[in-house]
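Here the structure is laid out as structure tokens; the discussion comes afterwards.
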Amino acid sequence: MLTDQEISDRLIEWYALHARILPWRNTKDPYLIWLSEIILQQTSVVQGIPYYERFVNRFPDIHSLANAEEDEVLKLWQGLGYYSRARNLHYSAQHIVEKLKGKFPNCYNKLIKLKGVGPYTAAAIASFAYNENVVVVDGNVKRFISRLFGIYDAIDLPATEKKIRSISQALINKQEPFIFNQALMEFGALQCMPKSPICIKCPFSKICIAFNEQMIPLTAQKSKTIIKKERFFYFALFIDKNNETFIQKRSAKDIWMGLYQLPLIERSQNISDFPMPSAFGVNNDQLVSKHLRSYKHLLTHQIIFAQFVCYETKTKALSSENPGLFKIPLNHIEHYALPRLIDLYLSDLSITLL
DNA sequence: AATTCGGGGCG
DNA sequence: CGCCCAGAATT
């Protein structure tokens with residue numbers, strides 16, 4: 001067996017040899033660390049990097065972010081998913097500037113009070129920016145520690161996370177929590193991966209309980225299989241003689257909250273005929289339907305069967321009795337934060353429309 | 001404790 | 001197609 005100290009040392013040793021160079025690793029600025037951590041929640045490093053670069057470029061400090069419009073923040077976030085992260089990021093930036101006099105919270109207990117900051121993110125900022133002695137427990141850590149110590153409980157249960165947190169906190173290097181935490185996560189990400197971890201070259205293979213009990217394939221399992229709800233969306237792209245169109249903002253507590261979309265009608269099941277313009281609150285007898293397309297859009301908890309149509313008139317201007325719709329020039333639509341699905345239809349059409 | 005919030009990439 | 005990703009908020 002190895003002592004806690006030996007495990008920690010070996011981890012940090014491994015990290016010195018294998019650490020990736022990542023854009024947020026060479027800063028101690030709590031704002032930049034916070035930004036990177038919010039982006040990386042449930043997001044792969046590769047997917048997050050370009051978003052981080054764009055955000056730092058546009059919002060180099062907390063004041064620039066606080067001063068921005070939410071619409072612009074969401075536009076920059078477009079495509080990353082889990083849009084409440086962006087709204088909470090913006091909200092907390094304003095909170096820090098206005099209520100905390102621009103002083104970034106400087107310890108775990110203050111950080112976790114911020115909207116959008118939970119146990120993982122608070123620990124990450126506290127240890128990376130302030131070298132506070134709190135362990136980070138993310139998906140990587142849960143997987144690695146559960147294997148190393150032979151914890152075979154479902155990985156998504158709070159009780160399991162509690163166990164893992166307690167074990168991990170005991171391992172932490174109190175002089176360098178920052179390095180230790182980075183090493184812990186990096187090891188999970190690069191060495192102790194979900195599928196086919198590199199046990200053959202693992203510095204812990206001799207003491208890894210799951211490995212020695214040949215339980216690796218059964219580790220880090222979730223408790224339940226996700227049930228996906230089916231939804232049926234009908235979107236209409238209206239285009240009139242002035243090349244203007246209608247969009248609407250999603251405000252309900254639902255997917256894509258805060259984003260914009262083409263006028264939508266949702267049905268509880270598949271319907272054979274596409275809704276007429278009047279069903280959208282648009283009255284225009286000159287509209288001709290074209291560019292009918294359908295997509296199957298997969299989210300974590302939903303399967304969206306989406307159909308699109310383009311209703312076009314070259315002779316009349318659009319008018320609507322639906323207060324939720326507002327008219328914009330068609331070529332301005334890309335200035336709005338759009339769900340990936342809407343963007344997909346528009347890009348599929350852009351060649352046709354030009 | 002269970003559910004919901006996206007989207008991309010991988011085997 | 002199912003799984004996972006530097007999780008958190010809500011119910």
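Values reported hereafter were calculated over all heavy atoms of this structure, with side chains retained and with hydrogens, waters and symmetry mates removed. Letters A, B, ... mirror the listed sequences (proteins, then strands); counts begin at 1.
- Spacing of P atoms, dC3(C) relative to dT3(B), comes out at 16 Å, to the nearest Å.
- Judged by closest nucleotide on DNA chain B, M257(A) is the one of S196(A) and M257(A) placed further toward the 5' end.
- In terms of phosphate contacts, Q41(A) brings no side-chain nitrogen or oxygen within less than 4.0 Å of OP1 or OP2 of dG6(B).
- The aromatic rings of H95(A) and Y91(A) sit parallel, their planes meeting at an angle under 30°, below the 60° perpendicular limit.
- For Q41(A), the side-chain hydrogen bond (donor to acceptor under 3.5 Å, both in side chains) partners two or more places apart in sequence, or in a different chain, are T121(A).
- Separation of the P atoms belonging to dG6(B) and dT10(C) is 14 Å when rounded to the nearest angstrom.
- Here the P atom of nucleotide dA8(C) and the CG atom of L89(A) are 13 Å apart, to the nearest Å.
- The side chain of R340(A) contributes an N or O atom lying less than 4.0 Å from OP1 or OP2 of dG8(B).
- Comparing the same atom, P, in dA6(C) and in dT4(B) gives a spacing of 24 Å after rounding to whole Å.
- Listed pair W256(A) / dG7(B) meets the phosphate criterion, a side-chain N or O lying under 4.0 Å from OP1 or OP2.
- When the side-chain contact (heavy atoms from CB on, under 4.5 Å) test is applied to S223(A), the partners found at least two apart in sequence or on another chain are A154(A), D156(A), L157(A).
- Of the residues in residues 155-163 of chain A, those lying under 4.0 Å from DNA chain B by heavy-atom distance are L157(A), P158(A).
- For W14(A) and F204(A), the distance between ring centers is not under 6.0 angstrom.
- Between the CD atom of E230(A) and the P atom of dT4(B) there is a distance of 15 Å, rounded to whole Å.
- Interatomic distance, Q191(A) CD to L11(A) CG, rounded to the nearest 0.5 Å: 10.0 Å.
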Which atoms of nucleotides 9-11 of chain C (N or O only) lie under 3.5 Å from a protein N or O atom, and what are those distances?
| unit_1 | atom_1 | unit_2 | atom_2 | d |
| --- | --- | --- | --- | --- |
| dA9(C) | OP1 | G116(A) | N | 2.5 |

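- Here H301(A) does not reach the OP1 or OP2 of dT3(B): none of its side-chain N or O atoms lies under 4.0 Å away.
- Classification of the Y52(A)-W24(A) ring pair by plane angle, with boundaries at 30° and 60°, yields perpendicular.
- Relative ring orientation between F308(A) and F235(A) is described as parallel, the plane-to-plane angle staying below 30° on a 0-90° scale split at 30° and 60°.
- A straight line from CG of L259(A) to P of dG6(B) spans 8 Å, rounded to a whole angstrom.
- Put simply, CD on E132(A) and CG on N181(A) are 10.5 Å apart, with the number rounded to the nearest 0.5 Å.
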Check: protein-nucleotides 2-5 of chain C nitrogen or oxygen pairs below 3.5 Å:
| unit_1 | atom_1 | unit_2 | atom_2 | d |
| --- | --- | --- | --- | --- |
| dC5(C) | OP1 | R143(A) | NH1 | 2.2 |

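- We find that CG of L299(A) is positioned 15 Å from P of dC1(C), with the value rounded to whole Å.
- Heavy atoms of W24(A) sit under 4.0 angstrom from at least one base atom.
- No contact: S223(A) has no heavy atom under 4.0 Å from any strand.
- At the heavy-atom level, D254(A) lies under 4.0 Å from the strands shown only through sugar-phosphate atoms.
- Checked by atom type and distance alone, the side chain of S146(A) pairs as donor or acceptor with a backbone atom of K142(A) at under 3.5 Å.
- Surrounding CE of M276(A) are at most 12 heavy atoms belonging to other residues, nucleotides or ligands under 6.0 Å away.
- Between the OH atom of Y51(A) and the CG atom of L76(A) there is a distance of 9.0 Å, given to the nearest 0.5 Å.
- Every residue was checked against the ring pair (Phe, Tyr, Trp, His ring centres under 6.0 Å) condition with Y31(A), not counting sequence neighbours, and none meets it.
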